[in-house]
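In what follows, a single structure is set out as structure tokens and then discussed.
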Amino acid sequence: MFLDEYSNIQPVAYKTLIQAIKNNKISHAYIFETNNNTDSFEFVKAFVKDIFCIDLKKDDKLKISLQVDNNEYPELKLVIPSGINIKKEEILELQNDFKNKSLFNNKKIYIINNAEKLNQSSSNTLLKFLEEPSENIIAILIVTSRYELLKTILSRCQLISLVNNKIKIDTDIEEFLLSKNTIDIDSINLAELIENTIKFICFFEKNKNNTLLFINREFNSYFNNREKVLLAFEIMKLFYLDVLKFKQIKKIELFKKYEQEIENISNFKEIDYILKRIEIIIECYDRIKYNVNLNLLMDYYCNN
């Protein structure tokens, strides 16, 4: 499989990566945050295949694809931990393997699966590797959550966050959030929070220039603590993903109760705009994790 197979399954990640390949702006290091997606390793391999197969003919692409699938392509190295931790020696061995020039004058790629198993020593060794990137070497770290890695590693890599692929077709947003359980929601009226979040999204889409007035008047009373704001941005991300899916294939995963709202936004917004909103939401969510001032955060959100 190549990346095109994921254009509808992982639209945000797909577009980010395929544009980087087409524009020759591939990063020297990526973190793939799986969010428990069971196809994450296959998605990463599809990305790797597209990098190796730039401008190649069909037969050559198929040959390389098979080699990657069988872990036989000489310019690809995998680190798959067999024990509790990824040891420093494994990273040093990887660095040594990459001292030699590419056999095919191509990119050389290494993938560290389950990168959350990097211990302090191996993380520091990897960090030195990332701090002095070689032009033709690409690092890929696969991890369930970005927060399982050192901030210094995170800051040196481009983050690609995948959508969980285990959402049931008949699941609604409230049921999904309860099952995900990544934020403490025991003390939150979830139905009310979802309703208020959708209300904010709809207001923003109709009145972008005046949204800050709405925030000062009502938003802060709805979302009056950091946990609620985190959850609101999680809901916003999932909502816009449903908008994107509806725009592409007329399908809604989680927000079936809000089909009219989704259809209205989908009808008046282009795919690039929807993708941009998702990117901004993810960025804002990350900023909340690092305790940014919430008023400044919403000012940033509304002006981008």
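A quick note: this is a predicted structure, and the numbers were derived from the prediction, not measured.
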Assert yes or no for the condition that the ring centre distance of Tyr301 to Phe233 is strictly below 6.0 Å. yes
For the pair Tyr258 and Glu195, evaluate side chain to side chain donor-acceptor pair (under 3.5 Å) and give the outcome as yes or no after the intermediate values. CA-CA 10 Å; Tyr258 299 95; Glu195 187 69 29; 2.7 Å; yes
Verify whether one side chain among Asp4 and Ser7 offers a donor that lies under 3.5 Å from an acceptor in the other. no
As an exercise, state the distance from CG of Leu118 to CG of Leu150, rounded to the nearest 0.5 Å. 8.0 Å
With heavy-atom distances below 4.5 Å as the criterion, would you say the side chains of Val44 and Ser40 are in contact? no
Could you check Ile21 against Ile54 for side chain to side chain contact (heavy atoms under 4.5 Å, CB included), going step by step and ending with a plain yes or no? CA-CA 8 Å; Ile21 293 171; Ile54 296 173; 3.9 Å; yes
Under 4.5 Å between any side-chain heavy atoms of Leu76 and Phe52, yes or no? yes
Around atom CD1 of Ile249, are there more than 12 heavy atoms from other residues, nucleotides or ligands closer than 6.0 Å? yes
State, to 0.1 Å, how close Asn293 and Leu296 come at their nearest heavy-atom pair, and which atoms those are. OD1-N, 3.0 Å
Cluster overlap Leu92 with Ile80, hydrophobic side-chain contacts below 4.5 Å: no
Is a salt bridge present between Lys128 and Glu131, judged by a nitrogen-to-oxygen distance below 4.0 Å? no
Check: Leu66 and Leu62 side chains under 4.5 Å, non-hydrogen atoms: no
Ile91 and Thr125: which non-hydrogen atoms are nearest, and at how many Å? CG2-CG2, 3.8 Å
Less than 4.5 Å apart, side chain to side chain, heavy atoms only: is that true for Phe2 and Lys61? yes
Residues, nucleotides or ligands: over 12 heavy atoms within 6.0 Å of Lys250 NZ: yes
Test Phe239 against every option in Phe255, Phe204, Phe200, Phe246 by the ring pair (Phe, Tyr, Trp, His ring centres under 6.0 Å) rule and name the one that passes. Phe255
What residue pairs, at least two apart or across chains, pass salt bridge (Lys or Arg N to Asp or Glu O under 4.0 Å) with a residue in residues 238-249? Lys245-Glu253
With distance as the sole test, does Asp299 use its side chain to make a donor-acceptor pair with the main-chain N or O of Asn295 at under 3.5 Å? no
Distance in Å, Cys157 SG paired with Phe32 CZ, rounded so as to fall on 0.5 Å steps: 11.0 Å
At their closest point, which heavy atom of Glu33 faces which heavy atom of Thr144, and how far apart are they? CG-O, 3.4 Å
Can you tell which of Asn35, Thr16, Asp286 makes a side chain to side chain donor-acceptor pair (under 3.5 Å) with Ser161? Asn35
Are the side chains of Phe43 and Asn37 in contact, using a 4.5 Å heavy-atom criterion? no
Main-chain N/O of Asn136 paired with Ser134 side-chain donor or acceptor, under 3.5 Å: no
Look up atom OH in Tyr73 and atom NZ in Lys63, then write down how far apart they are to the nearest 0.5 Å. 9.5 Å
Asp39 backbone acceptor or donor facing Glu42 side chain under 3.5 Å: no
Residue pair Ile112 / Leu126, side-chain heavy-atom distance below 4.5 Å: yes
Does Glu93 CD have over 12 foreign heavy atoms under 6.0 Å away? no
Euclidean distance, Lys206 NZ relative to Ile201 CD1, rounded to 0.5 Å: 13.0 Å
Drop me the distance from Glu90's CD to Lys117's NZ, to the nearest 0.5 angstrom. 10.5 Å
Same apolar cluster: Tyr273 and Tyr300, side chain cutoff 4.5 Å: yes
Check: Gln10 side chain, Val163 main-chain N or O, donor-acceptor pair, under 3.5 Å: yes
Closest contact, heavy atoms only, Met1 versus Ser65: N-OG, 4.4 Å
Going from CD on Glu116 to CD1 on Ile86, what distance comes out if it is rounded to the nearest 0.5 angstrom? 7.5 Å
Donor-acceptor contact below 3.5 Å, side chain Arg277 vs main chain Asn304: yes
Please name the pair of heavy atoms, one in Ala115 and one in Leu149, separated by the smallest distance, quoted to 0.1 Å. O-CD2, 3.6 Å
For Lys269, does the NZ atom sit with more than 12 other heavy atoms under 6.0 Å from it, leaving out its own atoms? yes
May I ask you to decide if Ile235's main-chain N or O and Thr197's side chain share a donor-acceptor pair within less than 3.5 Å? no
Would you mind reporting whether Leu231 and Phe223 have side-chain heavy atoms less than 4.5 Å apart? no
Could you walk me through whether Tyr14 and Tyr6 pass the ring pair (Phe, Tyr, Trp, His ring centres under 6.0 Å) test, one step at a time? CA-CA 6 Å; Tyr14 166 78; Tyr6 294 92; 8.7 Å; no
What pairs of residues pass the ring pair (Phe, Tyr, Trp, His ring centres under 6.0 Å) test when at least one of them lies in residues 107-141, not counting sequence neighbours? Phe98-Tyr110, Tyr110-Phe129
Quick check: are there more than 12 heavy atoms from other residues, nucleotides or ligands sitting under 6.0 Å from CG of Asn96? yes
Side-chain contact test, heavy atoms from C-beta onward, threshold under 4.5 Å: evaluate it for Leu241 versus Lys237 and give yes or no. yes
Restricting to non-hydrogen atoms, name the atom on Ile153 and the atom on Ser123 that form the minimum distance, rounded to 0.1 Å. CD1-O, 3.8 Å
Applying ring pair (Phe, Tyr, Trp, His ring centres under 6.0 Å), run through Tyr30 and Phe47 and close with a yes or a no. CA-CA 11 Å; Tyr30 290 91; Phe47 173 48; 5.2 Å; yes
Do Lys49 and Asp69 pass the salt bridge (charged side-chain N to carboxylate O under 4.0 Å, His left out) test, and can you show the C-alpha distance, the side-chain angles, and the key distance before you say yes or no? CA-CA 9 Å; Lys49 291 174 188 177; Asp69 284 335; 2.9 Å; yes
